[in-house]
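Report on the structure given below.
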Amino acid sequence: MKTRISSTLKGILAAGSMVGALCLTAGPLTAATSAPSSSEDSDVAAPQVPAQSRIETAILADDRPEVFARSRSVRDALGMPGGVRNRGLHVKDGSRKVEYDEVTDTDSAGQPLSLTQFDASGRLLLAVRFDRPAVPARAPVARDIALTKAADGLKAAGIAPNGRPAADSVESDGGWDVRWTRDNDGVVVRGDEIRVHVRDDGTIGSVGQVVHELAAAPTRRLTRDQARNIAAAQTRDWSSKSGAQFTIAAPELQWAGPNAAFDASKIDAPEAPYRLSWVVKVTPQGNAASYARLVVLYVDAGDGSIIGGDVVE
Amino acid sequence: MKRAGALLVSVLVAVSTLAAASPVAAHTADTWSNSNGFRSACVGFNNTYPSQMYSWARSQMSLLGYSPINGALGASFTRSAFLGHVLSDWGVYVHTHGDNYWASSGRPNVDSGFLQDPGTTRCNSSSTDMIRSSAIKAATKGSPYNLVIMSTCALGDTSSTMPAAFQIQMMKTNMAEREFYLGYAHSTYDSSAFRFEKAFFTYLNGGSNHERTVHQAFTYASGIGGYESPDSANPFEPNWWGNPNYNGVAG
């Protein structure tokens with residue numbers, strides 16, 4: 001009942017807002033208490049974003065049967081459900097800055113049951129099932145079992161991960177996220193990974209694979225101490241502007257992607273290959289620590305420029 | 001005086017009638033982002049994520065039918081503005097610093113909160129800029145909400161009291177209510193949250209006739225991977241509560 005009353009109240013407020021807008025439009029009458037009808041109240045310029053950054057082109061089974069065959073093969077290998085219909089699309093995905101062939105299997109009502117995405121080289125980017133286990137598992141799958149299930153699933157799908165996986169329990173839907181971090185000659189590629197979600201009941205919920213293009217490694221590489229000095233100089237500059245102090249952790253050599261974290265002029269730049277970088281974690285101290293938990297700098301291991309970074313607010 | 005009273009009654013009747021009869025009532029959303037707390041004068045650099053994420057959220061909430069979309073990027077994101085607007089909202093998006101703070105009273109001794117924008121003349125202070133879930137709860141007056149996204153650290157944790165401030169039960173079951181709350185359980189990189197939100201919204205707003213559900217979008221966005229996390233104690237972990245079969249559309 002409370003909800004119904006409040007919903008009505010919200011409807012009245014909404015209508016009041018509309019009446020207010022009408023009154024304002026009409027001229028002499030004024031709306032005293034209506035909510036602002038302006039569409040934006042910004043204090044700084046916000047970048048414009050295309051409403052839809054996903055461009056889709058239909059793929060027909062007669063034209064490209066291999067797309068559907070590959071999808072079916074991986075879907076079945078991972079134990080994901082097939083549907084009564086499927087639909088193929090070639091997608092230019094602006095938000096992820098990748099292109100792929102996508103096949104969605106749907107039920108008779110048109111609801112998606114599973115989906116696969118492959119890039120132009122035939123590499124699996126994503127396989128995911130959308131159904132939820134009908135009944136929560138009585139005994140959620142244990143970590144070791146999840147690791148085995150994930151490795152077996154990848155093998156069946158023809159994917160060979162390198163290295164040792166890590167596993168994190170997943171609060172949102174139960175189960176485990178099993179992750180293999182990508183490295184190149186022993187150097188971690190930041191964010192690149194194979195991630196397998198093993199559901200509570202031991203079935204595979206998703207396989208995601210992220211692989212970025214890497215630039216050539218620099219012929220001369222900065223030392224860790226040189227990278228630390230560059231980060232120290234950067235934080236001294238930040239301190240002079242803000243008064244905030246920072247502690248600097250030991251730089252780690254990683255492949256990292258140039259980004260616009262600290263430079264708005266790069267927001268619309270096309271994705272550049274990842275560069276060998278010294279990744280430096282910088283922790284704000286004092287008052288700044290109460291709202292900015294961590295800052296990360298990507299220092300180009302070749303020329304020492306800061307190519308991007310990240311923030312934990 | 002009598003005339004003024006009659007006029008007030010007329011206005012209320014007109015507004016009530018319009019609310020009941022209008023097939024296309026306004027479904028207001030507010031998107032808020034704290035940019036000044038992460039500008040050069042406070043941290044030495046200008047973090048571009050608050051403005052990027054604000055723009056994305058606005059465009060995508062609009063595609064879901066929320067209109068008008070108010071709120072602010074920057075100094076107008078204040079506690080009084082947020083609490084003053086929230087009752088009329090159906091959708092709420094917040095990007096700023098958030099956490100689950102200790103509370104001396106009430107179970108579970110947590111009063112989740114997030115920081116308003118500090119404005120251009122000072123930097124954020126936890127003691128003066130916090131917008132607590134208890135204050136939001138009072139301002140929402142038991143009113144229902146469709147889509148609430150807390151693009152902050154920690155407010156997707158199971159200890160968070162933020163979902164209840166919007167009357168969203170911390171359940172993940174089919175229900176009649178059209179409601180969905182999204183947050184992150186741990187400390188989260190801006191880049192990871194932005195990647196997730198772009199994938200979530202892109203999938204949800206894809207297809208035709210808003211046939212996709214919030215849980216499908218959540219599953220899709222979780223599945224793509226590529227999420228960096230600060231350390232092993234803070235894995236990237238988005239979380240949700242509400243009705244998984246809701247399509248995210250306003251109203």
Side-chain angles (χ1 to χ4, degrees), chain A residues 2-3 6-7 9-19 35-37 39 41-44 46-49 51 54 95 110 112 126 128 130 168 170-172 190-191 193 195 197 206 208 210 237-239 241-242 244 260-262 264 267 284 287-288 290-294 310-313, chain B residues 15-16 18-19 22 25-26 28 35 37-38 40-45 47-49 51-52 54-56 59 63 68-70 72-76 85 88 97 115 124 126 141-144 158 185 187 189-191 198-199 202 206 211 216 219-220 223-226 228 230 235 237-240:
Chain A
K2 187 179 178 186
T3 299
S6 301
S7 187
L9 175 62
K10 190 168 280 195
I12 291 170
L13 281 170
S17 175
M18 292 170 73
V19 169
S37 58
S39 61
D41 184 11
S42 292
D43 303 294
V44 295
Q48 294 301 305
V49 176
R54 193 178 143 102
S95 70
L126 175 64
V128 60
F130 294 105
D168 300 312
V170 176
E171 178 65 40
S172 58
R190 194 171 175 79
E193 63 177 355
R195 182 182 289 242
H197 178 61
S206 62
V210 180
D237 178 55
W238 289 351
S239 295
K241 291 172 180 167
S242 65
F262 311 128
I267 285 175
N287 181 58
S290 66
Y291 55 87
R293 291 175 165 99
L294 181 68
D310 217 331
V311 181
V312 179
E313 295 179 10
Chain B
V15 165
S16 303
L18 187 56
S22 173
T28 306
S35 58
F38 305 96
S40 181
C42 292
V43 288
F45 58 89
N47 180 5
T48 65
Y49 282 108
S51 62
Q52 292 186 70
Y54 170 84
S55 294
W56 251 90
S59 67
L63 289 174
I69 298 178
N70 299 308
L73 167 67
S76 293
H85 281 213
S88 62
H97 170 99
L115 295 179
N124 269 129
S126 295
K141 301 182 189 301
S143 172
T158 51
S187 291
Y189 279 129
D190 279 349
S191 68
K198 284 194 289 187
T202 299
E211 64 196 0
Q216 289 164 358
T219 302
Y220 175 87
I224 63 170
E228 194 61 42
E237 192 172 350
N239 200 1
W240 66 277

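Below, chains carry the letters A, B, ... as their sequence lines are ordered, and counting in each starts from 1. We use all heavy atoms of the structure for the numbers below, so side chains are in, but hydrogens, waters and symmetry mates are not.
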So for [X], is it side chain, backbone, both, or neither that comes closer than 4.5 Å to the heavy atoms of chain B?
X: A:Asp237; result: neither
X: A:Arg293; result: side chain
X: A:Pro284; result: neither
X: A:Ser206; result: side chain
X: A:Val128; result: side chain
X: A:Ser239; result: neither

Nearest heavy atoms of B:Tyr49 and B:Ser191, plus distance in Å: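 Taking B:Tyr49 first and B:Ser191 second, the nearest heavy atoms are OH-CB, 3.4 Å.
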
For B:Phe45, is it the side chain, the backbone, both, or neither that has a heavy atom closer than 4.5 Å to a heavy atom of chain A?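 Contact with chain A: backbone and side chain both.
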
Side chain from CB out, backbone as N, CA, C, O: work out which of these in B:Ile224 comes under 4.5 Å of a heavy atom of chain A, or both, or neither.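 Interface part for B:Ile224: both.
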
Under a 4.5 Å cutoff for heavy-atom pairs, which residue among A:Ala288, A:Gly110, A:Ala244, A:Ala260 has the most contacts with chain B?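 Top count of heavy-atom pairs under 4.5 Å with chain B: A:Ala260.
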
For chain B, which candidate among A:Asp310, A:Leu126, A:Val312 shows the most heavy-atom pairs at distances under 4.5 Å?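 It is A:Asp310.
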
Which residues satisfy the side-chain hydrogen bond (donor to acceptor under 3.5 Å, both in side chains) test with B:Trp240, sequence neighbours excluded?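 Expected list: A:Asp173.
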
Main-chain N/O of A:Glu171 paired to B:Glu237 side chain as donor or acceptor, under 3.5 Å: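 Yes, B:Glu237 side chain to A:Glu171 backbone: donor-acceptor pair under 3.5 Å.
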
May I ask you to decide if A:Phe262's main-chain N or O and B:Thr48's side chain share a donor-acceptor pair within less than 3.5 Å?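 No: the side chain of B:Thr48 does not pair with the backbone of A:Phe262.
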
Not counting sequence neighbours, which residues clear side chain to side chain contact (heavy atoms under 4.5 Å, CB included) with A:Glu193? List them please.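 A:Glu193 satisfies side chain to side chain contact (heavy atoms under 4.5 Å, CB included) with A:Arg179, A:Arg195 only.
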
Begin with the C-alpha distance, continue with both residues' side-chain angles, and end with the deciding distance and a verdict on side-chain hydrogen bond (donor to acceptor under 3.5 Å, both in side chains) for B:Asn47 and A:Glu313. CA-CA 10 Å; B:Asn47 180 5; A:Glu313 295 179 10; 3.2 Å; yes

Drop me the distance from B:Asn124's CG to B:His97's NE2, to the nearest 0.5 angstrom.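 Separation between the atoms: 8.5 Å.
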
